[in-house]
Number of protein chains: 2
Amino acid sequence: MRLDERKRKILQAIVEDYVATAEPVGSRTVARKYNLGISPATIRNEMADLEEIGFLEQPHTSAGRIPSDFGYRYYVDEIMNKIGISQWEEAAIRRRLQARMDAIELLAHQTTEILSEVTRLASVVMGPIWVKNSFEYIRLLPVDREKVLLLVVTTMGLVEHFLMEAPAGVTAADLDHISRIINRQLKGLRPGDLTRATLDSIYDDLAAYRRVVDNIMDIVFAIMKEDQGRRVYLGGTLNILEQPEFRDVNKLKDILSLLSAEDKMWGLLAAGCEAEGLTIRIGHENKGAGINNCSIITATYQVNGEVVGTLGIIGPTRMEYARVASMVEYVSKVFSEVLSRR
Amino acid sequence: MRLDERKRKILQAIVEDYVATAEPVGSRTVARKYNLGISPATIRNEMADLEEIGFLEQPHTSAGRIPSDFGYRYYVDEIMNKIGISQWEEAAIRRRLQARMDAIELLAHQTTEILSEVTRLASVVMGPIWVKNSFEYIRLLPVDREKVLLLVVTTMGLVEHFLMEAPAGVTAADLDHISRIINRQLKGLRPGDLTRATLDSIYDDLAAYRRVVDNIMDIVFAIMKEDQGRRVYLGGTLNILEQPEFRDVNKLKDILSLLSAEDKMWGLLAAGCEAEGLTIRIGHENKGAGINNCSIITATYQVNGEVVGTLGIIGPTRMEYARVASMVEYVSKVFSEVLSRR
DNA sequence: GTTAGCACTCTCTGAAGGCGAGTGCTAAAA
DNA sequence: TTTTAGCACTCGCCTTCAGAGAGTGCTAAC
């Protein structure tokens, strides 16, 4: 199907305007916004033609036109310009995908999923606060010609392990040397304590192993950097749609914007951290947050006996407190166990 | 604040009815559904009292009552029965939290998040199909007195690693022996090929190491079991709320039920697997699925050159095809790279 | 102290009518 | 022959209004 230039231009204008506004596009709009040098009446004629061959549709007699599936298809195949994405966007995507995720992050994610599944509410896990946690030591174990296992152990007995690549020339003795130096420099450091000077000093001492050390410090740094703990994991956010109180679009917007504001969520969850165990906050008791008609049930969780965070659910004040509280409590118990055992 | 028994009963009835129905509760309803042996008129009097002390509210003059925040607070503190959760539920939670998640799962999750962030649409990653993948070998490396590193290598060059506990008595020689036996039995097996007989045979040969072998086979089994690949990862589902086409609650329900139906989603995504590279399916072109007005853009991803799955986004037919297609394509490229490099 | 009866209040629903956006057609202009 | 201006017409959206229904508060009787 071949369209003349003018029809293509009009189809393009309609598709792009509709994509941008989600409103049916009228002939006047096309004439005004896209200077094609023709009058609305002419455009109306062309639009009638485009409708006849099935590229446009009218929701009702006196509305503008919207593209049909076939119209989009033609647009995609014949009209649209394949725009590339910017270097900046590419870099952002690449960086995010290559960022290391640690085991706790994974587990937290898994936990939100379970919590929201059993409670049918939106769930939250506050990433652990590591204030009382500090660097203990790393170990490097050769696995095969190109792979080395890195273990990072902290005072709370948590172990993170990573399989990394290493140039073939690095021997077991080299690895021993590297880990000794790093351990001496970092021993006892808390998240946030890692300074530029320490890093430089390590690189000086290990100049010969630049590539391997790069890899190691990448990981150690990711584990030790301060803001890592300030994460909030969300799950089951779609469950809130099931609640009749959120039929109202405005209330929905309110709670969604709260949920996606990490700092506010952090504040709300940290409040539950004061007392060990279960906390139920009903409606206005969640002060500060711009939410009404919502309750939050949280329970603290522990790593090796120390309270390091909270997890729980958010739902309308109208909720089955007894059932949900038991669920939250139990999940926090198992979560603590699983964390402590690693 | 002390309430007499009858007021407690009435408050309880109202809270529980309102929790269940989300409708203001009238005196008639309380009298009919909760046999308290008193008439609606009496209940009305009591309700007026409860409203006066702030435990109940009236949305408007001639509606039933709903609990206030204080009412819920009293209910939670003084009335509700702390019901435990069933053993069955406990077991389910525990099982889910202790289930192993492999590295690909983690990466897939991360990828959906990135995709939906850059496109502002709901994103999907179809878990890899491992048909052309088979078991190559495991390696067991002692890490310290109680920990052993398990590496599972498959023909596509993928390596999964796990840190597991082992009884102190197991020596390096033992581990060597164990891995030799397991490797001989499993070599070349595909996902789904692992039979009961093979398992039994392994346990026979390694009866002495029952506990360690249990741990290992747990992991290997998780990696090799057939349906593992049939997973679909979702991300950014809340983004669909931003689209004006889903203001309509029914359309919203439609797409949400589609998104949560894993088998249907799998079908839709597998369709994009036929041709390597980018696939754009507009509206009705997504046949079979009960969705209208939705388009799906997917791109295949590879592990070491082999196409093993697809990832992409779902949004209204009204979408910025050019921009979104570029994003999906680029993410699939980086995802392939990251997967292949491990 | 409890209950039946009754007037009253307030929301919800559907119908009716006005408004406005946008079309299709016709006839004139280029 | 193509383009444009003019105009009547259509149809969804919004507001208004009345009737129905649910639930209350008050009063008087039990």
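Just so it is clear: chains get the letters A, B, ... in the order the sequence lines come, proteins before strands, and each one is counted from 1. Values below: every heavy atom of this structure, side chains too, minus hydrogens, waters and symmetry copies.
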Chemist: Can you find a side chain N or O atom of A:R6 that sits less than 4.0 Å from OP1 or OP2 on D:dT3?
Modeler: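 Indeed, a polar side-chain atom of A:R6 lies that close.
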Chemist: Ring centroid separation for A:F55 and A:Y74, is it under 6.0 angstrom?
Modeler: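 Under 6.0 Å, so yes.
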Chemist: Choose from D:dG25, D:dG23, D:dA5 the nucleotide whose nearest atom is closest to any side-chain atom of A:A41.
Modeler: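 Shortest atom-to-atom distance from the side chain points to D:dA5.
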Chemist: Have A:E89 and B:Y330 got a donor and an acceptor in their side chains that come within less than 3.5 Å?
Modeler: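 Side chains of A:E89 and B:Y330: no pair found under 3.5 Å.
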Chemist: Between D:dT4, C:dT23, D:dG23, which nucleotide has the shortest distance from any of its atoms to the side chain of A:S27?
Modeler: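 Shortest atom-to-atom distance from the side chain points to C:dT23.
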Chemist: Give the rounded distance in Å between these two atoms: CG of B:N45 and P of D:dT24.
Modeler: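 So the two atoms are 11 Å apart, to the nearest Å.
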Chemist: Rounded to the nearest Å, what distance is computed from the CD1 atom of residue A:I66 to the P atom of nucleotide C:dT23?
Modeler: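 Rounded to the whole Å, the gap is 13 Å.
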Chemist: Considering only side-chain heavy atoms of B:T42, which listed nucleotide, D:dC11, C:dT3, C:dG24, is closest?
Modeler: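 Nucleotide nearest to B:T42's side chain: C:dT3.
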Chemist: A:E46 CD to D:dT1 P: how many Å, rounded?
Modeler: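 Computing the A:E46:CD to D:dT1:P distance gives 17 Å.
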Chemist: Taking CZ from B:R32 and C1' from C:dT3, how many angstroms apart are they, rounded to a whole number?
Modeler: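 To the nearest whole Å, that distance equals 17 Å.
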Chemist: Give B:T61 one of three labels, base, sugar-phosphate or nothing, depending on what nucleic acid heavy atoms sit under 4.0 Å from its own.
Modeler: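 Sugar-phosphate contact only.
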Chemist: Specify the separation, in whole Å, of atom NZ of A:K33 and atom P of C:dG22.
Modeler: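 Rounded to whole Å, this separation is 11 Å.
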Chemist: Quick one: the side chain of B:R28 and the base of D:dG23, do they pair up donor-acceptor inside 3.5 Å?
Modeler: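 Side chain to base: no pair below 3.5 Å.
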Chemist: DNA chain C: B:I43 or A:T29, which has the more 5' nearest nucleotide?
Modeler: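 Closest to the 5' end, via its nearest nucleotide, is B:I43.
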Chemist: Using only atom types and a distance under 3.5 Å, with no angle test, would you say the side chain of A:Q243 pairs donor to acceptor with the backbone of A:F246?
Modeler: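 Such a contact is absent between A:Q243 side chain and A:F246 backbone.
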Chemist: Checking side-chain contact (heavy atoms from CB on, under 4.5 Å) against A:V328, which of A:I297, A:I296, A:T279, A:T298 comes through?
Modeler: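 Testing each of A:I297, A:I296, A:T279, A:T298 against A:V328, the sole residue satisfying side-chain contact (heavy atoms from CB on, under 4.5 Å) is A:I297.
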Chemist: Please lay out, stage by stage, how B:R65 and B:E57 fare under the test side-chain contact (heavy atoms from CB on, under 4.5 Å).
Modeler: CA-CA 6 Å; B:R65 302 299 208 292; B:E57 285 171 355; over 6 Å; no
Chemist: What is the distance, rounded to the nearest whole Å, between atom CG of B:L56 and atom P of D:dG25?
Modeler: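 The answer, rounded to whole Å, is 11 Å.
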Chemist: Is a donor-acceptor contact shorter than 3.5 angstrom present between the side chain of B:S62 and the base of C:dT9?
Modeler: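 Pair found.
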Chemist: CD of B:Q58 versus C1' of C:dC10: gap in Å, rounded?
Modeler: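 In whole Å, C:dC10 C1' and B:Q58 CD are 10 Å from each other.
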Chemist: Can you check the A:R65 CZ to D:dG12 C1' distance for me, whole Å?
Modeler: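 Computing the A:R65:CZ to D:dG12:C1' distance gives 16 Å.
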Chemist: Can you identify which nucleotide, out of C:dT23, D:dT24, D:dT4, has its nearest atom closest to the A:R44 side chain?
Modeler: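 Comparing C:dT23, D:dT24, D:dT4 against the side chain of A:R44, the answer is C:dT23.
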